[in-house]
Visitor: 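Got a structure for you, questions after.
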Amino acid sequence: MICLGIESTAHTLGIGIVDGKKVVANEKRMFFEKGIHPRKTADHHAKFFDEVLGSALDKAKTSLEEIDRVAFSQGPGIGPCLRVSSVAARTIGLLYNKPIFGINHCVAHIEISKHLTGLKDPLVVYVSGGNTQIIVEGKSQKHYAVLGETLDIGIGNMLDNFAREIGENGAREIETLALRGKPSVPLPYSVKGMDMTFTGLQTDAIKRIGKVRKEDLCSSLQETAYSMICEAAERALALTKKRSVLVCGGVAQNRRLQEMLTTMAKDWNCRFGVAANEFNADNGAMIAYVGATMKKERGLPANKCIPIQRYRTEQFIF
Ligand code: FE2
């Protein structure tokens with residue numbers, strides 16, 4: 001079974017191919033201009049679609065005739081960007097007579113990470129630009145349930161917003177600056193059960209720019225936000241008694257967050273897992289991976305291959 005996966009929920013156009021459960025291509029091209037301009041980003045994805053597709057097919061040594069399925073990221077994401085993957089999947093599906101599968105982006109991050117780390121039924125900490133959720137597997141059918149989440153913005157967007165206020169590109173630069181700072185600045189901390197909020201923290205951190213060392217502020221911002229995530233995750237772990245913790249999504253690439261969750265998991269005698277950065281950043285292989293594992297009857301008719309901008313994690317049944 002060869003499945004082609006197309007990812008375009010936000011700044012990354014990714015095209016991946018899996019053969020069985022093996023990733024044989026994972027090509028991507030990113031567009032990032034200090035934030036995401038929806039139309040410009042979608043134009044970029046449409047412009048480079050052929051190039052990225054060609055390089056994925058070359059790498060996998062296959063062709064569109066030879067693939068068995070097409071999968072696309074159906075949501076959640078930015079409308080104009082999502083439209084690129086849905087139109088492309090529909091076009092390839094109809095032209096080459098292949099079944100088409102719409103995939104939830106969040107579930108794709110979880111599934112590929114479980115596959116690559118070998119963790120079974122973990123507590124999932126999903127952290128990205130637009131999403132921050134504490135997730136467990138559902139019991140009655142193949143789906144996920146959200147135990148806790150951000151009540152306002154995703155942690156990645158909060159870090160990116162703050163980064164732009166200090167003239168940096170995004171969360172990655174905050175991580176580098178934090179390495180040279182100390183978590184000495186008191187910032188608001190907000191966990192409500194297993195839910196969290198980040199806008200108060202963001203506003204307070206922005207107000208302190210220029211009044212304290214930039215490096216100390218970055219370190220304090222990271223420590224506060226990641227402590228909130230660890231507290232929510234620990235509460236979920238105590239409740240569910242899971243034996244492992246998995247972190248996934250764009251922000252899962254952050255070393256400090258990985259360290260803090262490792263310590264928390266150890267305290268509870270749990271295994272901790274995180275996939276390689278390539279699969280925590282947005283990518284097409286994870287979409288292809290879930291597409292390949294889905295039941296045939298979950299394929300979509302062409303007129304249903306449309307974006308679902310606010311696609312909830314728990315809505316996707318596969
Ligand atoms: Fe993502």
Side-chain angles (χ1 to χ4, degrees), residues 5-16 18 23 26-32 35-36 38 41-42 44-45 52 71-86 89 101-117 122 124-135 144 146 149-150 153-161 163 169-172 175 198 225 229 246-254 257-258 261 273-291 307-316 318:
I6 307 165
E7 157 61 36
S8 72
T9 53
H11 48 54
T12 303
L13 169 68
I15 300 185
V18 300
V23 175
N26 196 18
E27 300 297 290
K28 65 177 76 170
R29 200 173 165 127
M30 273 178 77
F31 182 76
F32 198 76
I36 300 175
T41 314
H44 162 271
H45 296 347
V52 179
F72 71 101
S73 53
Q74 196 165 15
I78 300 164
C81 302
L82 285 171
R83 179 117 358 239
V84 175
S85 59
S86 65
F101 293 82
I103 309 296
N104 179 293
H105 177 92
C106 316
V107 171
H109 270 299
I110 301 171
E111 285 290 299
I112 192 89
S113 297
K114 271 165 63 180
H115 173 59
L116 294 170
T117 58
V124 179
V125 179
Y126 173 48
V127 278
S128 69
N131 300 285
T132 304
Q133 293 180 326
I134 310 292
I135 301 167
Y144 288 95
V146 177
E149 62 190 311
T150 173
I153 58 173
I155 184 166
N157 284 355
M158 184 275 286
L159 292 168
D160 286 344
N161 292 343
N169 272 329
R172 219 172 278 276
E175 182 174 11
F198 293 106
I229 288 171
L246 172 75
V247 63
C248 63
V251 182
Q253 298 170 78
N254 184 287
L257 177 61
Q258 290 180 10
L261 285 170
V274 59
N277 284 351
E278 177 186 358
F279 299 97
N280 278 315
D282 288 351
N283 66 94
M286 66 180 189
I287 305 296
Y289 175 77
V290 180
I308 307 172
Q309 228 177 306
R310 297 187 181 275
Y311 204 166
R312 293 276 307 169
T313 305
E314 56 272 71
Q315 271 179 294
F316 184 65
F318 54 115

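Note that ligands are numbered from 1 as they come in the structure, with each ligand's atoms numbered from 1 the same way. This one's a predicted model, so the numbers in the text were calculated from it and none came from an experiment.
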Visitor: Just to verify, what does Asn277 make a side-chain contact (heavy atoms from CB on, under 4.5 Å) with, not counting sequence neighbours?
Guide: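 Checked Asn277 against side-chain contact (heavy atoms from CB on, under 4.5 Å); matches are Gln253.
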Visitor: Is a side-chain N or O of Asn157 found less than 3.5 angstrom from the main chain of Ile153, in a donor-acceptor match?
Guide: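 Flag not set: sc Asn157 to bb Ile153 has no pair under 3.5 Å.
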Visitor: Rounded to the nearest 0.5 Å, how far does CG of Asn280 lie from CE of Met286?
Guide: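 Rounded to the nearest 0.5 Å, the CE-CG separation comes out at 9.0 Å.
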Visitor: Look at the rings of His105 and His109 and say which category their plane angle falls in: under 30° parallel, 30 to 60° tilted, over 60° perpendicular.
Guide: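 Correct class here is perpendicular.
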Visitor: I'd like to verify the contacts: list protein N, O or S atoms under a distance of 2.8 Å from the Fe ion (ligand 1).
Guide: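 Listed by chain and number, the nearby protein N, O or S atoms are His105 NE2, His109 NE2, Asp282 OD1.
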Visitor: Hey, are Tyr144 and Glu111 close enough side-chain-wise for a donor-acceptor pair under 3.5 Å?
Guide: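 Yes, because at least one side-chain N or O of Glu111 sits under 3.5 Å from a partner of the opposite role on Tyr144.
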Visitor: Do Thr9 and Glu7 have side-chain N/O donor and acceptor atoms under 3.5 Å apart?
Guide: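 A pair is found: one side chain offers a donor N or O, the other an acceptor, under 3.5 Å apart.
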